[in-house]
Number of protein chains: 2
Amino acid sequence: MAAKTDDSGPVLPAAIESAWGLRERPPKGPRPGMSVPAIVDAAVRVADADGLAAVSMSRVAKELGAATMALYRYVGSKDELLMLMVDTGYGPSPGPPAPEDDWRAGLTRWAWAEHKVLRQRSWLLHVPISGPPITPQQLGWMEDGLRCLDGTVLGEGEKMSVLLLITGYVRNEATLTSQIAEGSRAAGVEPSEMMPAYGRLVARLIDPARFPALHRVLRAGVLYQDDDPDDEFVFGLDRILDGVEALIQRRAG
Amino acid sequence: MAAKTDDSGPVLPAAIESAWGLRERPPKGPRPGMSVPAIVDAAVRVADADGLAAVSMSRVAKELGAATMALYRYVGSKDELLMLMVDTGYGPSPGPPAPEDDWRAGLTRWAWAEHKVLRQRSWLLHVPISGPPITPQQLGWMEDGLRCLDGTVLGEGEKMSVLLLITGYVRNEATLTSQIAEGSRAAGVEPSEMMPAYGRLVARLIDPARFPALHRVLRAGVLYQDDDPDDEFVFGLDRILDGVEALIQRRAG
DNA sequence: CTAGTTCTGCGTATGGTCTACGCATAACAG
DNA sequence: CTGTTATGCGTAGACCATACGCAGAACTAG
């Protein structure tokens, strides 16, 4: 009769709960020789140095001077470790918008912050994300993004959708440029030669009669140039923000 | 003096070249018992039935009644097989826009076509894409998208950027909704209960003082509702197309 | 018709992955 | 001192991709 019904809903993995500061150490048993943050930091170090593919349980254990199976006392599975890696990989959120920023300036800053993180840690893009964000820092990013839209006429659901739209774009843009970088490393080509090589390849493959529009793009030299990736980024971001602005003005007017 | 210099640039994997209809069968040796398309179809069948994780070389071979290593006579590596799976998984492009469609209607149709494919074959989202598109049908999709923008004032580079923006959005939206679906299957929860459960979870975790904006979203009930995913999709797509429209009008006016 | 060449199918083996299980030990509670 | 509980981790199982090499089939040249 004392026990409350368990309304916890979906059960959180143990390591995530401890990331939120819940769950205290039981007083019995030998003292732990490692800690979850230490393991996650080691895994992040491996990923930073050699990419996500190099992150195996044994490699992370070696990094810590421990045995492979020791890690499983701290994380329930490799997937759990990956989730925690994403959390610390993103790092702390960029903070609330500056007082002088309107929503557009704020979101621009917010998008650039994520852009910068993903450029530095492109392995974040390779982590198979397996659900909506539940780690502290991920929700921190969301919070800061929402604050940028605080004064606007948009509904709460619309704010959320706008944020989703922008993170999605940032992730996508980062994925594309990192693919080019990784592809050039794999093929042993200069990164600046990657797009031109791609352009030549497509030109060799397609039949202008069956791919007229694509052929025109090639003739214009679009794929041959090694554009500044930041220009690409700004273009798309401005398009999206223009779209949001149109919505806001329609709602207001 | 006869041989031309090899200007082929980056060397295409053998199986991709044969997808373009280059490369003929050498006349000697035993007749092949399989074919690349048959292998790719079998792999797609496995992915459709049991997801991308079930696609292993041995599983595909079993599907064909062949030995594992026999496949390597046809595809150079598993990655190559994955690339071909993406090509046939997307299927033929939706075709050029209807004559009565303006650019916006055409791109809307184009986006919905990809949306439909990704909803049916969500494993396509899990394939680690390893470079810009080079398979026939992928370039076919690009061609059809470019044609939607044919009459507009946009430059060729801008058309390309707009297309990238839209596919990126479609992929991202599909990723999110498929994650919810997969998460609900993994947790054994009704799909319609997934978002409400997520909302309750976040509400339990966050401190309203530290996450005021997020807290407000929760109070508005946004995360508790099981929205029609199509509505989400339309919202984002309209925002992007509004942004493109703003650009076109600025260029024109 | 025969010999040589070349390609197919595939068995074997290597080195990697994650992780279930169980044991010895360490630290506390009573 | 004894029982309980948690830790570290060795072993082993079940997968995985794929390098290598051999037997035999199908063609060509003589």
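These figures come from a predicted structure and were not determined experimentally. Residue numbers begin at 1 in each chain, while the letters A, B, ... track the order of the sequences.
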Between P of D:dT18 and CG of B:Leu81, the distance in whole Å: 10 Å

query: Within this structure, what is the CE-to-P distance between B:Met57 and C:dG11, rounded to whole angstrom?
result: 15 Å

query: Does any non-hydrogen side-chain atom of A:Phe211 lie less than 4.5 Å from one of B:Leu146?
result: no

message: Let's see if you can work this out: which of C:dA27, C:dG9, C:dC18 has an atom nearest to the side-chain heavy atoms of B:Tyr74?
response: C:dG9

query: Does the ring center of B:Trp123 lie less than 6.0 Å from the ring center of B:His126?
result: no

- prompt: Quick one: which of D:dG8, C:dA20, C:dC10 gets closest to the side chain of A:Met69?
  reply: C:dA20

field: Closest to side chain of A:Lys28, choosing from C:dA29, D:dG10, D:dT7
entry: C:dA29

query: With a 4.0 Å cut-off on heavy atoms, is B:Ser77 in touch with a base, just the backbone sugar-phosphate, or nothing at all?
result: sugar-phosphate

message: Are the side chains of A:Ile134 and A:Gln138 in contact, using a 4.5 Å heavy-atom criterion?
response: no

- prompt: The side chain of B:Ala66 lies closest to which of these nucleotides: C:dT8, D:dT7, C:dC10?
  reply: C:dC10

query: Can you tell me how far P of D:dG8 sits from NZ of A:Lys62, to the nearest Å?
result: 20 Å

- line: By nearest-heavy-atom nucleotide on DNA chain C, the more 5' of A:Gly76 and B:Ala67 is B:Ala67

message: Could you tell me how far apart B:Leu82 (CG) and D:dA17 (P) are, to the nearest whole angstrom?
response: 9 Å

message: So if I take every side-chain heavy atom of B:Thr68 and compare against D:dT18, C:dT17, C:dT8, which nucleotide ends up nearest?
response: D:dT18

- line: Minimal heavy-atom distance between B:Arg119 and B:Pro229, with the atoms involved, is NH2-CB, 4.2 Å

Spacing of A:Arg59 atom CZ relative to C:dT17 atom P, expressed in whole Å: 10 Å

- prompt: What's the CG-C1' distance between A:Leu52 and C:dC18, to the nearest Å?
  reply: 15 Å

- line: With the side chain defined as heavy atoms from C-beta on, B:Lys78 is closest, among D:dA17, D:dC9, C:dC7, to D:dA17

message: Between P on D:dG24 and CZ on B:Arg73, what's the gap in Å once rounded to a whole number?
response: 16 Å

Distance, rounded to the nearest Å, where B:Tyr72 contributes OH and C:dG11 contributes C1': 15 Å

- line: Minimal heavy-atom distance between A:Leu164 and B:Asn172, with the atoms involved, is O-ND2, 3.9 Å

